[in-house]
Peer 1: 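Below: one structure in structure tokens.
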Amino acid sequence: MSDPLAVISLHQDTPELARTYEQFGVIQFNHGKLLLEPLALKSGERVLDVGTGTGRLAEFAAHLVGPSGHVVGIDPLDSRIAIARLRQSTNLAFETGRAEDLSRFAAGEFDVIYFNSVLHWIADKRTVFAQAYRALRPGGRIGLTIQDPTAPHESRVLLRRAVAEAGLDPERLSAHGVHAATEDELRALFEQAGFTGYHSELRTLVETHGSADELLGWSESSAFGNFLDGFSYAEGKKIRAAFAELVEAHRTPQGLRLARYLRYAFARKPD
Ligand SMILES: C[S@@+](CC[C@H](N)C(=O)[O-])C[C@H]1O[C@@H](n2cnc3c(N)ncnc32)[C@H](O)[C@@H]1O
């Protein structure tokens, strides 16, 4: 399991990072649509999007469940929820809140709960799974995407090399994706919480980015202030310059093409 003592800060996000996330968030949105497909949301269903970010995927889910359904998105970051609320509608609501505490919701309130690229930011996954289990109705479905520690994103591998080329220790890059989980760890978490029918697939998602700056902006905004955290401004500048050179090896006529790897995992609460 990941280092439980590694700290992800929820206090370093800024309105600017939230706006950048919204600008480039279509990448995560496309990954999220692949998560919703197997969850097969139906008209009238009640859905919880945990770690909703700026709410783009929740808005899409609200279209799928239609006016008789309802989607709630929660996220601990005020600046992300402020943007998400611009999407609010009669069947779509957003609240600040954390995955570790879903007590505001009634037991069995939701037909579907999902987490799109959220769990690798959370250390206490057992609590999260127990909370989701309680909030799902019997027979309800759960789905998530998460980074796998054995398959780091290509940009992450390059970033480690960039840190080394800047004369710094790549081990200092601990925060991003620090709570990734292996297939075995995930299966155990689902089963310990009581879920059944666990299945998962590690998917390769190839993304095209216009420039190294755009890619770095995307990574920074997805990490809500934890990216290159702990490096000084001058160190950060050196790392970025080294990264911009390294990433050129991935240049194609369409832009910089890099692969990301995400595990898609699904299960359900027994009837
Ligand atoms: C990479 S973003 C994904 C956002 C969104 N799910 C999407 O598909 O665009 C990760 C999100 O996880 C949220 N997050 C981090 N820790 C969390 C926690 N303990 N509970 C719920 N969400 C959390 C962050 O605030 C951030 O918005």
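Every number for a ligand or one of its atoms is a count from 1 in the order of the listing.
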Peer 1: Which residue supplies the protein heavy atom nearest to atom 8 (O) of ligand 1, what is that atom called, and how far is it?
Peer 2: N116 ND2, 2.8 Å
Peer 1: Find all atoms of ligand 1 within a distance of less than 4.0 Å from any non-hydrogen atom belonging to E100, and give their numbers and elements.
Peer 2: 18 (C), 19 (N), 20 (N)
Peer 1: Just to be sure I read this right, does ligand 1 sit under 4.0 Å from the backbone of F29, its side chain, both, or neither, counting only heavy atoms?
Peer 2: neither
Peer 1: Assert yes or no for the condition that the ring centre distance of Y198 to F266 is strictly below 6.0 Å.
Peer 2: no
Peer 1: To which of G73, G51, P76 does the heavy atom nearest atom 17 (C) of ligand 1 belong?
Peer 2: P76
Peer 1: Taking N or O atoms only and a 3.5 Å limit, does A99 qualify as a polar contact for ligand 1?
Peer 2: yes
Peer 1: With a 3.5 Å distance limit and no angle check, can you tell me whether E191 reaches the backbone of A188 through a side-chain donor-acceptor pair?
Peer 2: no
Peer 1: Has R141 got a side-chain atom pairing as donor or acceptor with A40's backbone, closer than 3.5 angstrom?
Peer 2: yes
Peer 1: Look at E22 together with R87 and state whether they make a salt bridge at an N to O cut-off of under 4.0 Å.
Peer 2: yes
Peer 1: Out of all atoms in ligand 1, which are within 4.0 Å of some heavy atom of V118? Include the element for each.
Peer 2: 6 (N), 12 (O), 22 (N), 23 (C)
Peer 1: Rounded to the nearest 0.5 Å, what separation is found between the CG atom of D111 and the CG atom of L39?
Peer 2: 11.5 Å
Peer 1: Are side-chain N/O atoms of E220 and T20 paired as donor and acceptor at under 3.5 Å?
Peer 2: no
Peer 1: Counting each atom of ligand 1 from 1 as listed, which ones have a heavy atom of S222 under 4.0 Å away?
Peer 2: 1 (C)
Peer 1: Are K269 and F195 in a cation-pi setup, meaning NZ or CZ lies under 6.0 angstrom from the ring centre and within 45 degrees of the ring axis?
Peer 2: no
Peer 1: Are R203 and Y264 in a cation-pi contact, defined as NZ or CZ under 6.0 Å from the six-membered ring centre and within 45° of the axis?
Peer 2: yes
Peer 1: Classify the contact between D75 and ligand 1 as side chain, backbone, both or neither, using a heavy-atom distance cut-off of under 4.0 Å.
Peer 2: side chain
Peer 1: Which residue and atom name correspond to the protein heavy atom nearest atom 15 (C) of ligand 1, and how close is it?
Peer 2: F224 CZ, 3.7 Å
Peer 1: Backbone N or O of A62 within a donor-acceptor pair of the N91 side chain at under 3.5 Å?
Peer 2: yes
Peer 1: Looking only at the side chains, is there a donor atom on one of S200 and R263 sitting less than 3.5 Å from an acceptor on the other?
Peer 2: yes
Peer 1: How far is atom 18 (C) of ligand 1 from the closest protein heavy atom, and which atom is that?
Peer 2: I122 CD1, 3.5 Å
Peer 1: For ligand 1, which atoms, with element, lie under 4.0 Å from some heavy atom of G53?
Peer 2: 4 (C), 5 (C), 27 (O)
Peer 1: Does at least one non-hydrogen atom of G25 fall below 4.0 angstrom from an atom of ligand 1?
Peer 2: no
Peer 1: Would you mind telling me if ligand 1 is within reach of the side chain of D13, the backbone, both or neither, using heavy atoms under 4.0 Å?
Peer 2: neither
Peer 1: Provide the number and element of each atom of ligand 1 under 4.0 Å from a heavy atom of Q28.
Peer 2: 1 (C), 7 (C), 8 (O), 9 (O)
Peer 1: Can you classify the ring geometry of Y21 versus W218 as parallel (below 30°), tilted (30 to 60°) or perpendicular (above 60°)?
Peer 2: parallel
Peer 1: Examine the proximity of ligand 1 to Y21 and report which part, side chain or backbone, both or neither, has a heavy atom under 4.0 Å away.
Peer 2: side chain
Peer 1: Regarding S117 and Q28, is there a side-chain donor-to-acceptor distance under 3.5 Å anywhere?
Peer 2: yes
Peer 1: Return the closest protein heavy atom for atom 10 (C) of ligand 1 as residue, atom name and distance.
Peer 2: S117 O, 3.4 Å
Peer 1: Can you list the atoms of ligand 1 that are under 4.0 Å from a heavy atom of L10?
Peer 2: 15 (C), 16 (N)
Peer 1: Any idea which part of H31 is under 4.0 Å from ligand 1, heavy-atom wise: side chain, backbone, both or neither?
Peer 2: neither
Peer 1: Heavy-atom contact under 4.0 Å between G32 and ligand 1?
Peer 2: no
